[in-house]
Amino acid sequence: MLPLCSNQKANSYLKEITKDCGIRKNITFHVARHTFATTVMLSNGVPIETVSKLLGHAKLSTTQIYARVVETKISQDIQNLLIKFEKKKQKRMELAE
């Protein structure tokens, strides 16, 4: 099991890391969780139910508020849907021949 630390200690570690990396933004544990949920997980096709469990949320509605869906994810989902429709159309055309 991983050792647990306080929110303050985690923020302190993040401050050191961002300084060493030359990042000038104030990064907190909350920001890191939000980035994990949106940029890392949702943008790469991980279902929101899985993200909810990973974040330890009891209710999916909490995750829906916390983890906004990024624009690239929406575009990707629509593109995938269009590909599925095209495949079904091709299949119907092949069966009709």
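Counting from 1, the numbers follow the sequence of the chain as shown. From a predicted model like this one, the values you see are computed outputs, not experimental measurements.
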Q | Heavy atoms of other groups near Gln90 CD, more than 12 under 6.0 Å | A |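 Enclosed: over 12 neighbouring heavy atoms sit under 6.0 Å from CD of Gln90.
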Would you give the length of the straight line joining atom [atom1] of [X] to atom [atom2] of [Y], rounded to the nearest 0.5 angstrom?
X: Lys84; Y: Leu81; atom1: NZ; atom2: CG; answer: 7.5 Å
X: Arg33; Y: Thr28; atom1: CZ; atom2: OG1; answer: 11.0 Å
X: Glu94; Y: Glu97; atom1: CD; atom2: CD; answer: 7.0 Å
X: Lys59; Y: Ser52; atom1: NZ; atom2: OG; answer: 11.5 Å

Q. Passes side chain to side chain contact (heavy atoms under 4.5 Å, CB included), Leu42 versus Val51? Steps please.
A. CA-CA 8 Å; Leu42 291 175; Val51 175; 4.0 Å; yes
Q: Look only at the side chain of Thr39 and the backbone of Phe36, and say whether a donor-acceptor pair between them is shorter than 3.5 Å.
A: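 Pair absent, no side-chain N/O of Thr39 close to backbone of Phe36.
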**Q.** Whether Thr38 side chain and His34 backbone form a donor-acceptor pair below 3.5 Å
**A.**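 Yes.
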Q. For Met41, which of Val46, Ile48, Leu55 qualifies under side chain to side chain contact (heavy atoms under 4.5 Å, CB included)?
A.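 Only one of Val46, Ile48, Leu55 forms a side chain to side chain contact (heavy atoms under 4.5 Å, CB included) with Met41, namely Val46.
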Q | Joint hydrophobic cluster, Ile27 plus Tyr13, side-chain heavy atoms closer than 4.5 Å | A |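 Ile27 and Tyr13: separate clusters.
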Q. Can you name the nearest heavy-atom pair linking Phe29 to Asn11, along with the distance?
A.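 Heavy atoms of Phe29 and Asn11 come nearest at N-OD1, 2.6 Å.
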Q | Heavy-atom side-chain contact between Ile17 and Asp20 under 4.5 Å | A |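 With C-beta onward as the side chain, the pair stays apart.
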